Visitor: 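Have a look at the structure that comes next, please.
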There are 4 protein chains.
Amino acid sequence: MSRTGPRRSESIRVAVLNAADDLLVEQGFAATTIEGIATRAGVAKQTIYRWWKSKVEILLDALEDDALEGLAWAEPAGTPVEDLVTHLHRVADFFQEPAGQVLQALLGNAQLDQDAAVALREGFLRGQRERDLVGLGAIVERHTGKAPDREHLGRLADLLLGPIYYRVLVFGAPADKELGEAAAHLVLRSTD
Amino acid sequence: MSRTGPRRSESIRVAVLNAADDLLVEQGFAATTIEGIATRAGVAKQTIYRWWKSKVEILLDALEDDALEGLAWAEPAGTPVEDLVTHLHRVADFFQEPAGQVLQALLGNAQLDQDAAVALREGFLRGQRERDLVGLGAIVERHTGKAPDREHLGRLADLLLGPIYYRVLVFGAPADKELGEAAAHLVLRSTD
Amino acid sequence: MSRTGPRRSESIRVAVLNAADDLLVEQGFAATTIEGIATRAGVAKQTIYRWWKSKVEILLDALEDDALEGLAWAEPAGTPVEDLVTHLHRVADFFQEPAGQVLQALLGNAQLDQDAAVALREGFLRGQRERDLVGLGAIVERHTGKAPDREHLGRLADLLLGPIYYRVLVFGAPADKELGEAAAHLVLRSTD
Amino acid sequence: MSRTGPRRSESIRVAVLNAADDLLVEQGFAATTIEGIATRAGVAKQTIYRWWKSKVEILLDALEDDALEGLAWAEPAGTPVEDLVTHLHRVADFFQEPAGQVLQALLGNAQLDQDAAVALREGFLRGQRERDLVGLGAIVERHTGKAPDREHLGRLADLLLGPIYYRVLVFGAPADKELGEAAAHLVLRSTD
DNA sequence: CACTAAACGAGACGGTACGTCTCGTCTTGTG
DNA sequence: CACAAGACGAGACGTACCGTCTCGTTTAGTG
């Protein structure tokens, strides 16, 4: 016997996520207020608070819909080095897209708010880290013939992705192609 | 003939910077309000607005007083690789200190606010980048016997520092010792 | 079909008017700040600004609730002269009451602020003038047997009320009984 | 042996009084701030505070220079009734002049501030009341042949001047000629 | 096909901080 | 030592959002 009455409106959910996304890209994170999202989505504030705890949760929700593919590791399509370079370029490009800006904003906010940091890590980063280790592990295994242990793999991931995030988060500029290539070659050579 | 009247009070400047620093470490960036800083420093709000445009400027001012030495490159004390590893460890440790937390917060805020991003880059990051290139250039030169060109040097800096910042900013955890060592060896080996 | 959502809280309205009244009597007009009223009424500042434009409007609102009866003309109870004297005494006494102090303060403020002057006249004085002319007209008619024209009536009102207001506003002292009596006799005799 | 060093500058005193006067007429009492007066007079704020306790004192100072003659009782020039009417017209006109506006503002402010009220009464009104009683006393004596006692005289003054002040302070409009004439005739007739 | 009961819009409300304004005091160097 | 210049502590201003709350109204189901 299920309960009576209306169910959560999917159209509202979508309208809110889109409004949040749009506001973030157009006005920035600080100007993306719950009130603004509500107005833009044509929705009452209370309706938002009923389903999300904070704007961070909204943006996380929006991120999940978009970021998974933007940061996904592709199927092998060339040599391991080529595939790795391709992936790093893809990551660098991702931050130019709306979803990448959302992630960038959430990462920024995570530096300022412990709760938001936890939510981001639990809600996105941990899963992404897992996917990165799997994707990178496959490439390394194709390159060297055996899978490195998890700790080693994590370090490799840091060495590869760190410089790209560094350029974006610290200098606000996308990583250039050469940086990805240099990182890929250095790191794969180190596994020989 | 200089102008008459009272001059800017240095003791107020120091009190404000300390209050801001303390509040940031104790309560976090969001809870570090101008009003709170003023109360804590025993100063009128207007006095703060007279000299600083925003709390970001205050924290930048505080950073300048503290971060320069925390991220400075030391004089040669061992082999180039040893010195590089030492420096990377130092950078990793820096983010555990108050000044490092200030930098972390400002980097986070810079993702959310274009103006703050510009202020941070002009006020701190550009100078720090310069110091990093000089310091790293010296080490590379000692290692290889000749100085790499500026573009190459920049890439090396990204590859070395990126992973450390990545761990701090993305995972909120300090880089472990091995990461710095791996980065140092990889990068210096690449210059052979 | 009326609009949805919560309605204006009457209890808040009353709390604000009382707080304003109390503060004015206890601390004076200048010390009666919106902030103080809000605190005293246990209400958010924004709530006050939602419903009133300024403290003058609040006091006008408070005045409306109280001053109407304090300055009302009573039903005939004796000879016209007796009734007129009674009314003038009543007006003189009115300025000793809280509502009278509110009116006094608003009159004072009206000298200093054109907008406040207009608000006071539109919001209270015009109506009171009308009531005064009607009340006085009835007494004169009882006394002489015919109603004077409006212009004449206005002059009589000025001659009767002027001295009382003069004593209050210029000398800060209530008019004594004799002044009212003298005014009443002089003016009524002039209509013979 | 008088003390050494510069004395109070008379030119500053005049500049301040003029600036205050001008500001009051142009901008109103509220906008007439000490800071504004200082700027306009080309004088330092501290210099004003050295010699006056508040803007009320400044305006009182300014009033003394101007109001004495504006409200003075003239020498006999016609019948007592004519002279009284002339004086009442003069009082009504006075409030259209700058000095009259200063007095009006000070009267307004006196309703809002006890200290200011005391200062105004001590600094101006008491003396003016005295002059009014003397002037009116002379007229009454000319009219009836004997001087009324002080209490009676005071009541007559209230009956004569009250209506004029009432129109100005309550309705913000000058008393018309008829009002003065009516008051003069009524009051003088009452002394027969 | 009423009858529920939750979802929803609208928006009032107590708070907190914002950045601005002006006050009256205090400090510093000049004439 | 009077003065200009102006820094300073204090505190109210009016605004923006926050997150909570109370209202009708609308929208499914369930009986």
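Not measured: the values here are computed from a predicted model. We name chains A, B, ... by the order of the sequence lines, and we start the count at 1 in each one. Scope of the values below: all heavy atoms of this structure, side chains included, with no hydrogens, waters or symmetry mates.
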Visitor: Heavy atoms from C-beta onward define the side chain here; which of dA7(F), dG19(E), dA12(E) lies closest to that of P6(C)?
Guide: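 It is dA12(E).
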
Visitor: dG6(F) C1' sits how many Å from Y49(D) OH, rounded?
Guide: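 Whole-Å distance recorded here is 14 Å.
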
Visitor: Using a 4.0 Å cut-off on heavy atoms, which residues in residues 9-42 of chain B reach DNA chain F? List them by number, or say none.
Guide: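 Residues of residues 9-42 of chain B that come under 4.0 Å of DNA chain F are, in numerical order, S9(B), I12(B), G42(B).
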
Visitor: Assign each of Q46(C) and K55(B) to its nearest nucleotide of DNA chain E by heavy atoms, then name whichever residue's nucleotide is nearer the 5' end.
Guide: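 Nearest-nucleotide comparison on DNA chain E picks Q46(C).
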
Visitor: Does a distance-only test, which skips hydrogens and angles, find a donor-acceptor pair under 3.5 Å between the side chain of T4(B) and the base of dT28(E)?
Guide: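 Under the 3.5 Å cut-off, the side chain and the base do form a donor-acceptor pair.
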
Visitor: Closer than 3.5 angstrom, by distance alone: can the side chain of E35(B) be matched with the main-chain N or O of K45(B) as a donor-acceptor pair?
Guide: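 Not a single qualifying donor-acceptor pair exists.
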
Visitor: Please check this pair: side chain of R7(B) against backbone of G5(B), looking for a donor-acceptor N/O pair closer than 3.5 Å.
Guide: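 Here the side-chain-to-backbone pair exists.
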
Visitor: My understanding is that only residues two or more places apart in sequence, or in another chain, count here; which of them pass side chain to side chain contact (heavy atoms under 4.5 Å, CB included) with A19(C)?
Guide: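 Side chain to side chain contact (heavy atoms under 4.5 Å, CB included) check on A19(C) returns I37(C), R40(C), A41(C).
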
Visitor: Round to the nearest Å and state the distance from I58(B) atom CD1 to dA17(E) atom C1'.
Guide: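 Going from I58(B) (CD1) to dA17(E) (C1'), I get 14 Å.
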
Visitor: Starting the side chain at C-beta, find the nucleotide from dC18(F), dC23(E), dC8(F) nearest to W51(B).
Guide: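 Among the listed nucleotides, the one closest to the side chain of W51(B) is dC8(F).
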
Visitor: So, is R7(A) near the phosphate of dG29(F), with a side-chain N or O under 4.0 Å from OP1 or OP2?
Guide: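 Yes.
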
Visitor: I want to check something: taking the side chain as every heavy atom from C-beta on, are L107(C) and L103(C) in contact at a cut-off of under 4.5 Å?
Guide: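 L107(C) reaches L103(C) side chain to side chain.
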
Visitor: Under the salt bridge (charged side-chain N to carboxylate O under 4.0 Å, His left out) test, which residues partner E122(C), sequence neighbours left out?
Guide: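 In terms of salt bridge (charged side-chain N to carboxylate O under 4.0 Å, His left out), with neighbours along the sequence ignored, E122(C) is linked to R126(C).
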
Visitor: What verdict does the salt bridge (Lys or Arg N to Asp or Glu O under 4.0 Å) test give for D65(C) and R13(C), after you've listed the backbone C-alpha separation in whole Å, the side-chain angles of each residue and the deciding distance to 0.1 Å?
Guide: CA-CA 12 Å; D65(C) 285 12; R13(C) 185 180 162 273; 3.5 Å; yes

Visitor: Does K55(C) reach the main-chain N or O of F29(C) with its side chain, forming a donor-acceptor pair under 3.5 Å?
Guide: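 Yes, because the side chain of K55(C) sits within donor-acceptor range (under 3.5 Å) of the backbone of F29(C).
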
Visitor: Can you tell me if the side-chain N/O atoms of T47(D) get under 4.0 Å from OP1 or OP2 in dA2(F)?
Guide: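 Checking T47(D) against dA2(F): no side-chain N or O falls below 4.0 Å of OP1 or OP2.
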
Visitor: When you get a sec, tell me which of dG11(E), dG29(F), dA7(F) is the closest nucleotide to the side chain of R50(B)?
Guide: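 Among dG11(E), dG29(F), dA7(F), the one nearest the side chain of R50(B) is dA7(F).
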
Visitor: How long is the line joining CZ of R8(B) and P of dG9(F), in whole Å?
Guide: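 Atom CZ in R8(B) sits about 12 Å away from atom P in dG9(F).
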
Visitor: Give the rounded distance in Å between these two atoms: CD1 of I48(B) and C1' of dC8(F).
Guide: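 So the two atoms are 12 Å apart, to the nearest Å.
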
Visitor: Taking N and O atoms by type only, does the side chain of K45(D) place a donor or acceptor under 3.5 Å from a partner on the base of dG6(F)?
Guide: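 There is none.
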
